[in-house]
Amino acid sequence: MPELPEVETVRRGLESRLIDATVADVVVRDRRLRWAVAADFEAKLRGQRIVAIERRSKYLLFRLTKGNGTEKSTLLAHLGMTGSFVVHAADSPLAIKTHDHVDVVLTGRRESLVLRYNDPRRFGSMHHFAGLDAAQPLLAHLGPEPLTDQLTGEYLYQHTRRRSVAIKQALMDNTLVVGVGNIYANESLFRAGIHPDRAANQVSLARYKRLVLEVKTVLTEAIAAGGSTLRDFVNTAGQPGYFQLDYFVYGRDGQPCKVCATPLKLMRHGGRATVFCSSCQR
DNA sequence: CCGACAACCTGTGAGC
DNA sequence: TGCTCACAGGTTGTCG
């Protein structure tokens, strides 16, 4: 389901309802996520108050405190391919659906809430750890955030000089830059006019500058649209996205390029579909 | 260090 | 209607 814009959409939805709520209970129905949910997960979370909800790459970080506020910890969650968080009022009918794996029951300022995690493919994950630890193994090797000044054309150029992989694959490498998944890699390469199969070390500095501009633009547009609507994406109110981002290439193989009408081509990089225009992208 | 590929899972849609 | 197959937003781990 989620790429960075979707995760950011979820983060904003959760933030609007869960700040200052306190964990009253945790129910884990299936511990078998990407990594097994720790045996002491429920106990660690009970009594914690949510003070902030942040995002790093496609991870959500719920910042927590307990007691007088000096004891800080973090709930780290990833939605994988098919995970979703939906906030329910605790007193409304709550039929358990297939793949509703985790409930976090929260005492809010006005009403009791249930934060429910559903994930059919179970590629998502949940961890609780002490502190705000940037050294957490899952976070330690992540590249810069795309929507910060840390991502520049110069940065990408410098860090791809010895990389012969296709630019498409480099762009999706989380150690180089985070948050660019398959959809937005396809879209930003099209917008930048760069052939997805071009070796990363054969892309000029000028073209990396253009690519960075397009990555930032397409991600920003998608966030503004509330996350793209793809299959089962739902926001934290349980509603599907209301806006289908107007894709140039993603999912359009065989159809005419919206710029030059050349039929779009399909190829694969690491098992992931790449759609491109052989005329517009060089 | 780099790159290729398998693995983790279930659901859905296409084709027969 | 029902079966089989390919494929789907992500990331880690292993091997050469």
Side-chain angles (χ1 to χ4, degrees), chain A residues 1-11 29-37 55-60 76-85 97-102 117-127 136-143 145-146 158-189 196-202 215 218-219 222-223 225-235 240-241 243-245 247 249-254 266-275:
Chain A
M1 168 178 64
E3 291 204 24
L4 185 146
E6 289 75 18
V7 178
E8 179 61 21
T9 298
V10 169
R11 188 198 69 77
R29 295 184 196 81
D30 193 338
R31 314 193 84 82
R32 300 172 301 164
L33 302 185
R34 179 72 159 77
W35 292 276
V37 177
R55 179 188 57 72
R56 173 75 174 104
S57 183
K58 295 166 191 165
Y59 290 94
L60 291 165
L76 179 70
H78 197 291
L79 301 174
M81 294 269 249
T82 55
S84 62
F85 276 117
K97 301 191 300 297
T98 308
H99 308 307
D100 281 343
H101 302 314
V102 179
Y117 181 70
N118 181 285
D119 187 358
R121 289 176 76 178
R122 287 187 276 117
F123 284 178
S125 63
M126 280 194 215
H127 293 86
Q136 211 284 341
L138 293 172
L139 305 175
H141 303 293
L142 295 174
E145 286 288 325
Q158 288 167 10
H159 287 82
T160 51
R161 291 310 83 205
R162 284 173 297 280
R163 299 203 56 178
S164 60
V165 281
I167 180 66
K168 164 85 176 333
Q169 285 180 275
L171 199 53
M172 293 178 66
D173 177 352
N174 276 342
T175 66
L176 183 65
V177 57
V178 303
V180 185
N182 197 39
I183 297 172
Y184 300 115
N186 276 297
E187 292 300 309
S188 52
L189 284 166
D197 210 28
R198 177 174 287 274
N201 58 9
Q202 296 298 312
V215 165
V218 73
L219 291 178
I223 291 170
S228 59
T229 302
L230 264 177
R231 302 210 201 307
D232 43 301
F233 175 68
V234 294
N235 64 23
F243 181 95
Q244 176 72 52
L245 195 69
Y247 296 131
V249 289
Y250 181 77
R252 296 192 67 245
D253 55 294
L266 173 68
M267 64 185 302
R268 291 197 171 270
H269 290 99
R272 313 299 296 274
T274 302
V275 185

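Residue numbers begin at 1 in each chain, while the letters A, B, ... track the order of the sequences. The figures that follow rest on heavy atoms only: side chains count, while hydrogens, waters and symmetry mates do not. Values in this document were obtained by computation on a predicted structure and should not be read as measured data.
Not a single donor-acceptor pair, N or O on each side, falls under 3.5 Å between the base of dA8(C) and the side chain of R272(A).
Considering only side-chain atoms of V165(A), the nucleotide from dG11(B), dG3(B), dG10(C) that sits closest is dG3(B). The listed nucleotides are dA4(B), dG10(C), dA8(C); the one nearest the side chain of Y250(A) is dA8(C). The side chain of R122(A) has dT10(B) as its nearest neighbour among dT11(C), dT10(B), dG3(B). The Q169(A) side chain lies nearest to dA4(B) when the options are dG10(C), dG11(B), dA4(B). The side chain of S57(A) lies closest to dT11(C), out of dT11(C), dC8(B), dT10(B).
N201(A) and T160(A) share no donor-acceptor pair across their side chains, judged by distance under 3.5 Å alone.
Every residue two or more places apart in sequence or in another chain that forms a salt bridge (Lys or Arg N to Asp or Glu O under 4.0 Å) with R29(A) is listed here: D103(A). Every residue meeting the ring pair (Phe, Tyr, Trp, His ring centres under 6.0 Å) condition with Y59(A), not counting sequence neighbours, appears here in chain and number order: H78(A). Here H269(A) pairs with nothing under the ring pair (Phe, Tyr, Trp, His ring centres under 6.0 Å) rule; sequence neighbours left out.
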Nucleotide-level pairing of DNA chain B, given in dot-bracket where Watson-Crick and G-U pairs need both distances under 3.5 Å and | marks other strands
.|||||||.|||||||
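The line from CZ of R198(A) to CD1 of I167(A) is 10.0 Å long, rounded to the nearest 0.5 Å. Going from atom CG of D253(A) over to atom CE of M267(A) covers 13.0 Å, rounded to the nearest 0.5 Å.
Checking the phosphate oxygens (OP1, OP2) of dT11(C), no side-chain nitrogen or oxygen of H141(A) falls inside 4.0 Å. Side-chain N/O atoms of H78(A) include none lying less than 4.0 angstrom from OP1 or OP2 on dG10(C). In this model, the phosphate group of dG3(B) is approached by a side-chain N or O of R163(A) to a distance below 4.0 Å at OP1 or OP2.
For R56(A) (side chain) and L142(A) (main-chain N/O), a donor-acceptor pair under 3.5 Å exists by modelled atom type.
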Quick one: which protein N/O atoms are closer than 3.5 Å to N/O atoms of nucleotides 12-16 of chain C? Pair and distance per line, please.
| unit_1 | atom_1 | unit_2 | atom_2 | d |
| --- | --- | --- | --- | --- |
| dT12(C) | O4' | R34(A) | NH2 | 2.6 |

Please write out the pairs of protein N or O atoms and N or O atoms of nucleotides 2-5 of chain C separated by less than 3.5 Å, giving the distance to one decimal.
none

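S164(A) comes within contact range of the sugar-phosphate backbone alone, with a heavy-atom separation under 4.0 Å but no base atom that close.
The environment of R268(A) atom CZ is dense: over 12 non-hydrogen atoms of other residues, nucleotides or ligands sit within 6.0 angstrom.
A straight line from CZ of R161(A) to C1' of dC2(B) spans 15 Å, rounded to a whole angstrom. Separating the CG atom of D173(A) from the C1' atom of dC2(B) is a distance of 10 Å, rounded to the nearest angstrom. Nucleotide dT11(C) holds its P atom 10 Å from the CG atom of L79(A), rounded to whole Å.
For the P atoms, the distance from dC9(B) to dT14(C) is 16 Å, rounded to whole Å.
Lacking a ring centre under 5.5 Å from that of the base six-membered ring together with a plane angle below 30°, F123(A) does not count as stacked on dT11(C).
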After noting the C-alpha distance and the side-chain angles of L176(A) and L171(A), does the key distance pass the side chain to side chain contact (heavy atoms under 4.5 Å, CB included) rule?
CA-CA 7 Å; L176(A) 183 65; L171(A) 199 53; over 6 Å; no
